[in-house]
Every structure is written in C-alpha cells, then in structure tokens.
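Here the structure is laid out as structure tokens; the discussion comes afterwards.
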Number of protein chains: 2
Amino acid sequence: MKLSQGVEWALHTCLNLGWIEEEGEGAAAPTARLAAFYDLPPAYLNKQLQALVRAGILSSTPGPRGGFRLARRLDEITPLDIVVAIEGRAEAFECVQILRDGPGGDAATDYRSACLISQTMSKADLAWRNALASETLADIRDRVVRTYSQSPQATRDWFQNARR
Amino acid sequence: MKLSQGVEWALHTCLNLGWIEEEGEGAAAPTARLAAFYDLPPAYLNKQLQALVRAGILSSTPGPRGGFRLARRLDEITPLDIVVAIEGRAEAFECVQILRDGPGGDAATDYRSACLISQTMSKADLAWRNALASETLADIRDRVVRTYSQSPQATRDWFQNARR
DNA sequence: GCATCTATACTCGGATAAGCGATGTCCGAGTACTGGAGG
DNA sequence: CCTCCAGTACTCGGACATCGCTTATCCGAGTATAGATGC
C-alpha cells in the first residue's frame, strides 16, 4: 500500500511546467531539464511523463526544441488526474469476492457491491478520491505564490538559464 | 497502490469471529477452520492473524481447542485498526522531499510539512483514514444482520458443524 | 544573395533488465487432551 | 474407583522460498535545425 514514486515526480513536474508556461508561450521542456531540476533519473521520469501524455494532461513534441508542455490549463488538472494517470483507475482495496467461495456463496452475485465490507472500503476510497479531486493544480500554484513568493521566479530563472 | 490481500481476509475473519463469539463464550477458532471457510491458504492467513495479535485485536491460544478469538469487542475495532495492523502506519503518499535536491533546496527544512503538494496528499490520506475510522466492525455486523438476516446463523452453524 | 538539399543533433516512445516487497510454504516449540498403569 | 503419568495430536509462531510489480535503463523512429551546395 504505497503510492508509486512517479506520482510525486509528476505533480512537481506539472507545477514546474506551469511556471515555465507563464514565461514564454511555446516553451516546451525536455525530460533532461525537468529531471535535472530535482536530480531524478531522466529515463524513468520520461516514462511517467509518457503516462501523463496518454492521459491527455501533457502534450509532447519530438526533435530539437521539443519536450513536454501542459495540454490543459492548471485549473483543469486535479491531483486525482495525475494519480489516475500514473497508478491506474483501480481502487486501493480490490475486493476479490471471497464470499463467493464461502458457504452460501453465489457465483452469480457481484460481491463487490453486495459485500458490506467492500462497501465500507469503497466509501473510504471515494473519500480519498474526492479529497484529491477537490482542488486543482491551479489552487496549489496560487498557494505557492502566496506562501513562497520568491520561489516561482527562481524556478522560471533556473529553467531560463538552463536553456542556454 | 494496491492494498494487501490480507486486509480483506482479516476483515472478514474478524466478523466471523464475531459470529462465533456470540455462540459459545470460550470458542476459539483455529486458522485451519477460518481458512477453510473461504478456501484460503491456511499458512498465509495465519501470518495475517499473527499481525492482528501483535496489534492487540486478536488473542491466540496454542494447543488443542486453541486458535484465535477477539481480544476486544467489535465496537472497539475499526476497519482502520485492521488496515494499520496489516499494512503498517505509513501513508500511501510518502513524500521523499525531492524539493531538497532542487535549486533553493534547504537540507534543514522538513519538506514533508512545508511542501504544499505533500500537504494536499496528506489531507487526502487523512480523509481516507477518517472514513475508515468512522465506523466500527460492530456497525458492519449490525448492518449484515439487517441486510442478510439468515447469514449470521448460517455462519455459526457452519463453524459449529465443522467443529465435530 | 537565395533556395534547396543533406547531414546532424536532439527529442520522445516503447521494448528490455534488475530489486524489492507481497505472497506463499514449511517446520519447530509449546500445550491440552487421551489412554493406560498403579495404588 | 481414583490419581498420576506418559504419549500423542493439535495449535501458533517465526524462519525460509517464490512471484509480480515498481524501479531503472537502453536503443530505435522521427523531426527541426544548421550548414553546405548549386543556381
């Protein structure tokens, strides 16, 4: 029961792409730059970003001056979107319907909905997902601006300098 | 991001122990019986039940007529207790503080609390845990009694018959 | 000087290995019962 | 008939294998740029 490392990387990277976007419009950042920012393994980060592209969160351009950029605005991306893109849509608690193999078990019944324990776990899972979907990356960005006011510009500068 | 199989087994087994308890007082159920009820691998279920014993949820007795029984009443056990006993106390999203390795990163700062992304994820984790702690196994038991009224007695009978 | 073509360097994308935790299994330590022997 | 004792069967508990997924890496396909060449 541990969330993949990639989720954290993806969240931070999307925010970084947000800062970059504000700078110049067409600026796409290649994996190498994004990975260097946090000293992450570039090839593996690339793998995660591919998942975000498949989910329609990022768009990618190959070739020189290419890289990744946001496919939607930050206020149209929730943390849940990122989690689902990386981890998949499956719930944390996957009911394997063991009641089916117990006495009185019915092969035709869907115990994922009938089992009361499964219901309780699903309710908790829903609470988690709701919390993750209750705010957007734009909300987090705004909070960063208010809390660490110098940080956004510093990040923009870093990517600007790294470019040359 | 998947919950261990053992959580589901443990939840169902604790409920079963609840039914058994209502029958005769000193009745302890051995792993073999509890596993046979759902056709689970006995040795592995045993491993999970050991974790529940360490957590103080069950108590165990070795030797003939031994086995596991509830160490507390069902209304003093929440699904969260079971999850923590099996999975451990760690959050699903473990912030590895990648900001520390970024530009402007400070080795003295604890980014698990300072990082706004980490805060968002922790809030979601808290929502999940609150949902899991908001009801007890007694609540679930009562709901089973109301929804599947014949099921409790059938379960008790099964364990009773299996005993001889 | 300008257009075109070719070579080049850079990027993503998916196919391919390694490491670690969840899953699954086994045997030893300890305990209560059962049967028999002795008083 | 009662008591004591030894053997036995049963249970948990932790140590030992196996599997799958997360982690990590590499190379090929495609593209825009830069430079050279011809007009």
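Lettering of chains follows the sequences in order, A, B, ..., and the numbering in each one begins at 1.
- In this entry the distance linking CG of A:L40 with P of D:dT25 reads 11 Å, nearest Å.
- For the pair B:Q48 CD and C:dG24 P, the computed distance is 9 Å after rounding to whole Å.
- Of the candidates C:dT23, C:dT25, C:dC33, the closest approach to any side-chain atom of B:P41 belongs to C:dT25.
- Not one N or O on the side chain of B:T61 forms a donor-acceptor pair closer than 3.5 Å with the backbone of B:G66.
- Rounded to whole Å, atom C1' of C:dA22 lies 9 Å from atom CD of B:E87.
- One interatomic measurement links the two molecules: CG of B:L3 to P of D:dG20, which rounds to 20 Å at whole-angstrom precision.
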query: Can A:L17 and A:L34 be said to form a side chain to side chain contact (heavy atoms under 4.5 Å, CB included), step by step?
result: CA-CA 9 Å; A:L17 287 172; A:L34 294 167; 4.1 Å; yes
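- No side-chain heavy atom of B:D106 sits less than 4.5 Å from a side-chain heavy atom of B:R100.
- C:dT11 atom P lies 7 Å from atom CZ of A:R33, rounded to whole Å.
- In this structure, the side chains of B:H12 and B:L40 stay at 4.5 Å or more apart for every pair of heavy atoms.
- Following rounding to the nearest Å, A:R69 (CZ) and C:dT11 (P) show an atom-to-atom distance of 13 Å.
- A 6.0 Å sphere centred on CZ of A:R73 holds no more than 12 heavy atoms belonging to other residues, nucleotides or ligands.
- Classified by interplanar angle (parallel below 30°, tilted 30° to 60°, perpendicular above 60°), the ring pair A:F159/A:F37 is parallel.
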message: Counting primed atoms plus P, OP1 and OP2 as sugar-phosphate and everything else as base, spell out the protein contacts along nucleotides 12-21 of chain C at 4.0 Å heavy-atom distance: B, S or - for each nucleotide, 5' to 3'.
response: SBB-------
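- B:K2 places its NZ atom 11 Å from the P atom of C:dA22, with the value rounded to the nearest Å.
- Distance, B:R65 CZ to D:dT11 C1': 13 Å, rounded to whole Å.
- Between D:dT31, D:dA24, D:dA9, one nucleotide has an atom nearer to the side chain of A:P64 than all others, and that is D:dT31.
- With no hydrogens or angles considered, no side-chain donor-acceptor pair links B:D125 and B:S122 at under 3.5 Å.
- Dashed line: the shortest gap from a side-chain N or O of A:S4 to OP1 or OP2 of D:dC21 is not under 4.0 Å.
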